[in-house]
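Since we're looking at a predicted model, the values are computed, not measured.
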Amino acid sequence: MTRIVKDADVRRDELLDTALSLFLECGYERTSVEHITAAVGVAKGTFYHYFATKQELLEQLVGRFTDELFVEAEQAISQVDGSAIDRLRAFFVASSQIKLGRKNETLMLTRPLFMPENQLLLSRMMEGWIDQTRPIVLSIIQQGCAEGTFHVPDPEAMAEVWLSLWFDFGIRASRQYFSAQDDASEIDKVVAATKALQLAEERILGLEEGSLDMNVEAALRAVLSQD
């Protein structure tokens, strides 16, 4: 039988796509490297040529997913010819819609990041997400200050505060949810905390309460629900 040699990027994507399908079907923990290579029809050595560990494969899957999310969110913002508040809402809404549209993938890729052995991976990836989000947030805050809508003395400093608040909350809320996923009351706690976060964001930007209301409760319940 003739051995089929594929381009490196094609083979890597094939391994990533197959792993994603198996993770969705069987779960990250129950899917082994052997399961992935058997499904693709390659030797284990081929897997380790592209990924040092299953954890590294997970990192690339999450990275690919978040890159796609940011591209779509930035496209949504670029189509908004409005105020800074309009653009900030568009960013939140686009992010929520993307996650909801790919709900199973969102939950499957997020859950393993909160396993004890993946804490360093989570920390490293969060720094990358902050770096991707920073220019978007800074641009919106600068626009809001120019419009006289946002009231902050230093847009760059406030962008860092906003990013720290948003991402730290996201990590804490996700950890809370995944630590007790079978308890429906945990969703209520995450929703309540998210509403408090929205209020804090409004206050640090000098906005009136309710200015950033984006019906986060419905979006969160839709994403986190097991249905």
Side-chain angles (χ1 to χ4, degrees), residues 15-33 35-36 47 51-70 72-73 91-92 94-134 137 160 162-198 200-201 216-227:
L15 288 163
L16 288 169
D17 291 340
T18 300
L20 177 61
S21 296
L22 290 172
F23 291 166
L24 287 168
E25 179 181 354
C26 308
Y28 173 80
E29 299 92 332
R30 292 187 295 274
T31 301
S32 66
V33 171
H35 291 144
I36 298 169
F47 178 94
F51 314 102
T53 61
K54 189 174 80 166
Q55 184 187 60
E56 184 177 307
L57 178 142
L58 173 65
E59 181 175 3
Q60 292 195 29
L61 274 176
V62 175
R64 187 173 71 171
F65 176 80
T66 53
D67 284 346
E68 292 168 356
L69 186 152
F70 274 102
E72 292 188 42
F91 180 59
F92 280 124
S95 298
S96 297
Q97 288 178 341
I98 295 165
K99 292 173 184 176
L100 181 57
R102 300 169 66 173
K103 172 182 171 179
N104 292 337
E105 187 177 350
T106 298
L107 292 175
M108 186 282 298
L109 290 175
T110 305
R111 188 181 298 108
L113 295 177
F114 292 88
M115 298 169 62
E117 60 268 30
N118 288 333
Q119 290 306 295
L120 288 177
L121 170 59
L122 174 60
S123 178
R124 185 169 66 250
M125 298 209 75
M126 187 172 72
E127 288 301 317
W129 299 332
I130 289 174
D131 288 342
Q132 286 179 286
T133 310
R134 180 177 290 108
V137 171
E160 294 304 316
W162 194 93
L163 288 165
S164 297
L165 181 65
W166 193 39
F167 279 97
D168 183 66
F169 166 80
I171 295 300
R172 291 175 182 273
S174 297
R175 183 175 286 114
Q176 177 184 32
Y177 173 70
F178 287 119
S179 67
Q181 192 173 354
D182 295 329
D183 185 352
S185 67
E186 291 302 313
I187 297 181
D188 294 334
K189 293 177 183 178
V190 173
V191 168
T194 303
K195 289 180 177 179
L197 173 67
Q198 180 178 295
E201 290 171 340
V216 293
E217 180 171 356
L220 273 174
R221 291 191 185 280
V223 172
L224 297 178
S225 171
Q226 292 297 300
D227 299 331

Inset, instruction - For Phe51, check ring-ring contact (aromatic ring centres under 6.0 Å, His included) against everything at least two apart and list the hits. - result: Phe47
Legend entry - Flag, side chain of Gln55 to backbone of Glu117, donor-acceptor distance under 3.5 Å: yes
Inset, instruction - Give, for atom CD of Gln60 and atom CG of Leu20, the distance between the pair rounded to the nearest 0.5 Å. - result: 13.0 Å
Inset, instruction - Considering non-hydrogen atoms only, spot the tightest contact between Leu57 and Leu15 and give its length. - result: CD1-O, 4.3 Å
Legend entry - Closest approach of Phe92 to Trp162 (non-hydrogen atoms, all atoms of both residues): CZ-CZ2, 3.5 Å
Legend entry - Contact summary for Ala94 and Ala73, nearest pair of heavy atoms: CB-CA, 4.0 Å
Legend entry - Student check: side-chain heavy atoms of Glu56 and Thr53 closer than 4.5 Å: yes
Inset, instruction - Ignoring hydrogens and angles, tell me if any N or O in the side chain of Ser123 forms a donor-acceptor pair with the backbone of Gln119 under 3.5 Å. - result: no
Legend entry - Pairing of Asp131 and Arg134 as salt bridge, 4.0 angstrom limit: yes
Legend entry - For the student: nearest non-hydrogen atoms of Leu61 and Leu109, plus distance: CB-CD2, 3.9 Å
Legend entry - Euclidean distance, Met125 CE relative to Leu58 CG, rounded to 0.5 Å: 7.5 Å
Legend entry - Spacing of CD belonging to Gln198 relative to CD belonging to Glu201, to within rounding of 0.5 Å: 7.0 Å
Inset, instruction - Using the side-chain contact (heavy atoms from CB on, under 4.5 Å) rule, take Thr110 and Lys99 through it: C-alpha gap first, then chi angles, then the decisive distance, then the call. - result: CA-CA 11 Å; Thr110 305; Lys99 292 173 184 176; over 6 Å; no
Legend entry - Sub-4.5 Å side-chain heavy-atom contact between Leu69 and Gln132: no
Legend entry - Residue list, ring-ring contact (aromatic ring centres under 6.0 Å, His included) with Tyr28, at least two apart or on another chain: Phe23
Legend entry - Where Glu29 and Lys54 come nearest, the two heavy atoms and their spacing: O-NZ, 4.0 Å
Inset, instruction - Supply the atom-to-atom distance Asn118 CG to Arg124 CZ, rounded to the nearest 0.5 angstrom. - result: 9.5 Å
Result block: side-chain N/O donor-acceptor pairs under 3.5 angstrom for residues 163-171, not counting sequence neighbours:
from	atom 1	to	atom 2	distance (Å)
Ser164	OG	Glu160	O	2.9
Asp168	OD2	Arg172	NE	2.8

Inset, instruction - With rounding to the nearest 0.5 Å, note down the distance linking CG in Leu121 to CE in Met126. - result: 12.0 Å
Legend entry - Spacing of His35 atom NE2 and Glu25 atom CD [to the nearest 0.5 Å]: 10.5 Å
